[in-house]
Chemist: 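Below are the structure tokens for one structure; questions will follow.
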Amino acid sequence: MALSTSYLIGTLSSPSQALSSSLSPFRELRLRHSHRSSPLPLPPSLLSSRRHQWREMVVIARAEDKDKSSSSSPAPIDPRDYELLDTSGKCDPLCSVDDVSSQDFEENYQPKTDLLKALTILALSLSGAAAINHSWVAANQDLAMVLVFAIGYAGIIFEESLAFNKSGVGLLMAVCLWVIRSIGAPSTDIAVTELTQSSAEVSEIVFFLLGAMTIVEIVDAHQGFKLVTDNITTRNPRILLWVVGFVTFFLSSVLDNLTSTIVMVSLLRKLVPPSEYRKILGAVVVLAANAGGAWTPIGDVTTTMLWIHGQISTLKIMQGLFVPAVLSLAVPLALMSLTSEVNGTAQNSSGLLATEQMAPRGRLVFAVGLGALVFVPVFRALTGLPPYMGMLLGLGVLWILTDAIHYGDSGRQKLKVPQALSRIDTQGVLFFLGILLSVSSLEAAGILRELANYLDAHIPNVELIATAIGVVSAIIDNVPLVAATMGMYDLTSFPRDSEFWQLVAFCAGTGGSMLIIGSAAGVAFMGMEKVDFFWYLRKVSGFAFAGYSAGIIAYLAAQNLHLSIPTAVAHLPFISGS
């Protein structure tokens, strides 16, 4: 790539052309470099060579242009090319931002601070190890486990303030809890048996999530979701509010609510200019994503957990929760339609902005990927195998398909599964792993059963317990709440597809909409649109609570009146009882 100055000037019509041509790749690099969140530094030796070469070319170009100035006007040099030159004597714009950051870091670096942090973490680790090996733990196992869980969960809740990633905290908490359980158990062999059984159950959920996230990532890489979003053409504010809500609702019933939120908020950024109305539409996406994920076994992590462990079945959960889920979205939409933010919005948005073109064979990948997700309940009904096997089947089919259709094209590596695996939210999966293992340790120790007995004695109404779970899920992540509920109550207390389990699925799925931090969809919307917590509390939380209450009332009314939603799906033999 390094060409001599004489060759460049000799082969082009002018020195200016030589300079502009030779620098254009680097100008493109600078443009791409400026849009990256993590800059790619060039080696110092290469930077030094490039700077020297560019200065020499500028000097020659200026000299030759000056000689020709008497006979003809020189070709002007693009002023942007001078941005690449070193004018400060320190670092030109092509210098890595990391280089500049490292200079500032060296000036402000305080070794004592890092040493203090390291010593603090070491001291805490040694104190924890000493406490775990203390005989007090064996005699007070339940108290020790509750303390560790409370401290660990506090670290998860306040991860932003403490600057600790919740996935790391969750994994550390899980290991500590199982170490305490091994000390307090009648024997280590019993603790190992309990851990083996818990790991098998947790692994089913982890494998299921990994397969589903990878399939969605492959479809997204092929721009497959454009088939959905490009069909939204209306610009009427009220109609757009309802269209966005119900498109997200049905999209989230197949995808997870986080992916649905990211796809739809990205669409809104192309449809509507930044405004209060766009924030309202984004809030609708959060409400719809959580409501849509509550009525299908693959729409939300919590419903998937209940489905995998046998608390709910495919047909019953869809029949029982479809109407409540629709109402939990329709009521907020109806109320929002009356607000001034929607009624006062002018129709000033034109057509869609330019978006990426759909990747080759994107329609095929979208159809196969969506079919793979929908086929999972059918696979379980036909074979009786766990749901994660059906998800892995779909991933395997899509993997072979993408390898085949992109065979021999090295430029499409990002469209294949290996690249998709590097882009999925692995730390989110590890967080689920840590939380589920932590809760399973409390279940093995019998702590959750004691909590269930306490609730039964003081709150005999199961509807109130399920409703409370939904309200708490607006503050605390719904995954550990549902996992704890599954540990507190088994199938002997509440049989499969009972009113309690369906209410838990609905409340845990939709209750998180009442606060923006109550669900993964809300957190994603908060980050993408820079929405304030208190803005959501003022503008949306009341509508979300109204929808949450309407859904619960509709479900209880349907159960008391013995109403059922007729559907042709009920006549399919492979769905019933799945």
Chemist: Does the side chain of Ile516 come within less than 4.5 Å of Val286's, by heavy atoms?
Modeler: no
Chemist: Side-chain contact test, heavy atoms from C-beta onward, threshold under 4.5 Å: evaluate it for Leu401 versus Leu364 and give yes or no.
Modeler: yes
Chemist: Measure the shortest side-chain to side-chain distance between Asp490 and Ser493 over non-hydrogen atoms and say whether it is less than 4.5 angstrom.
Modeler: yes
Chemist: Has Thr302 got a side-chain atom pairing as donor or acceptor with Val479's backbone, closer than 3.5 angstrom?
Modeler: no
Chemist: Working to the nearest 0.5 angstrom, can you tell me the gap between Phe149 CZ and Ile447 CD1?
Modeler: 10.0 Å
Chemist: Indicate the atoms forming the closest heavy-atom contact of Asp142 with Ala445, along with that distance.
Modeler: OD1-O, 4.1 Å
Chemist: Look at atom CZ of Phe533 and say whether more than 12 heavy atoms of other residues, nucleotides or ligands are closer to it than 6.0 Å.
Modeler: yes
Chemist: Heavy-atom count around Phe545 CZ within 6.0 Å, excluding the residue itself: above 12?
Modeler: no
Chemist: Check whether any side-chain N or O of Asp497 sits under 3.5 Å from a backbone N or O of Ser313 as a donor-acceptor pair, and report yes or no.
Modeler: yes
Chemist: How far apart are the closest heavy atoms of Ser440 and Trp178, and which atoms are they?
Modeler: OG-CZ2, 3.5 Å
Chemist: What is the minimum heavy-atom distance between Ala291 and Ala325, and which atoms define it?
Modeler: O-CB, 3.5 Å
Chemist: Would you mind telling me which of Val247, Val244, Asn290, Asn257 makes a side chain to side chain contact (heavy atoms under 4.5 Å, CB included) with Val285?
Modeler: Val244
Chemist: How long is the gap from CD1 on Ile469 to CG on Asn478, to the nearest 0.5 Å?
Modeler: 10.5 Å
Chemist: Under the 3.5 angstrom rule, does the side chain of Thr303 hit a backbone N or O of Thr296 as a donor-acceptor pair?
Modeler: yes
Chemist: Could you check whether any side-chain N or O of Ser541 sits under 3.5 Å from a backbone N or O of Leu515, counting only pairs where one atom can act as donor and the other as acceptor?
Modeler: no
Chemist: Any chance you could lay out the side chain to side chain contact (heavy atoms under 4.5 Å, CB included) test for Val206 and Phe432, step after step, and finish with the verdict?
Modeler: CA-CA 8 Å; Val206 171; Phe432 293 144; 5.6 Å; no
Chemist: Does the Tyr548 side chain pair with the main chain of Thr467, one donor and one acceptor, at a distance under 3.5 Å?
Modeler: yes
Chemist: I want to check something: taking the side chain as every heavy atom from C-beta on, are Leu177 and Arg181 in contact at a cut-off of under 4.5 Å?
Modeler: no
Chemist: Using modelled atom types and a 3.5 Å cut-off, is there a donor and acceptor pairing between side-chain atoms of Ser252 and backbone atoms of Phe249?
Modeler: no
Chemist: Angle between ring planes, Trp307 versus Phe208, binned at 30° and 60°: parallel, tilted or perpendicular?
Modeler: perpendicular
Chemist: Walk me through whether Gln141 and Ile183 qualify under side chain to side chain contact (heavy atoms under 4.5 Å, CB included).
Modeler: CA-CA 8 Å; Gln141 171 193 251; Ile183 296 173; over 6 Å; no
Chemist: Do you know which two heavy atoms are closest between His309 and Met305, and how far apart they sit?
Modeler: ND1-O, 2.9 Å
Chemist: Enter the distance from Met318:CE to Thr314:OG1 here, rounded to the nearest 0.5 Å.
Modeler: 8.0 Å
Chemist: Give a yes or no on whether Phe207 atom CZ has more than 12 heavy-atom contacts from other residues, nucleotides or ligands under 6.0 Å away.
Modeler: no
Chemist: Output, in order, the C-alpha distance, side-chain angles, deciding distance and verdict of side chain to side chain contact (heavy atoms under 4.5 Å, CB included) for Val219 and Leu370.
Modeler: CA-CA 8 Å; Val219 174; Leu370 192 64; over 6 Å; no
Chemist: What orientation do His406 and His222 show, parallel under 30°, tilted 30 to 60°, or perpendicular over 60°?
Modeler: parallel
Chemist: For the residue pair Leu373 and Met391, establish whether any side-chain heavy-atom pair is separated by less than 4.5 Å.
Modeler: yes
Chemist: Kindly compute the distance separating CD1 (Ile205) from OG1 (Thr304), expressed to the nearest 0.5 Å.
Modeler: 8.5 Å
Chemist: Checking the side chain of Ser167 only, and the main-chain atoms of Gln427 only, is there a donor and an acceptor separated by less than 3.5 Å?
Modeler: yes
Chemist: Which atom names give the shortest non-hydrogen contact between Gly511 and Ser473, and what distance separates them?
Modeler: C-OG, 3.6 Å
Chemist: Spell out, as yes or no, whether a donor-acceptor pair under 3.5 Å connects the side chain of Ser198 to the backbone of Leu195.
Modeler: no
Chemist: Working to the nearest 0.5 angstrom, can you tell me the gap between Ser182 OG and Asp189 CG?
Modeler: 11.5 Å
Chemist: Is the backbone of Leu491 close enough, under 3.5 Å, to the side chain of Trp501 for a donor and an acceptor to pair up by distance?
Modeler: no
Chemist: Looking only at heavy atoms, what is the nearest atom pair of Gly152 and Val169, with distance?
Modeler: O-CG1, 3.3 Å
Chemist: Can you tell if the side chain of Phe379 reaches within under 4.5 Å of the side chain of Leu385, non-hydrogen atoms only?
Modeler: yes
Chemist: To the nearest 0.5 Å, how far apart are CD1 in Ile317 and CG in Leu306?
Modeler: 7.5 Å
Chemist: Flag the pair Tyr489 / Val462 as yes when at least one side-chain heavy-atom distance between them is below 4.5 Å, and no otherwise.
Modeler: no
Chemist: Can you find a pair of side-chain heavy atoms, one from Leu398 and one from Val365, that are under 4.5 Å apart?
Modeler: yes
Chemist: Determine, step by step, whether Glu499 and Glu463 satisfy the side chain to side chain contact (heavy atoms under 4.5 Å, CB included) criterion, reporting the C-alpha distance in whole Å, the side-chain angles of both residues, the deciding distance to 0.1 Å, and the verdict.
Modeler: CA-CA 8 Å; Glu499 177 182 317; Glu463 289 84 1; 2.3 Å; yes
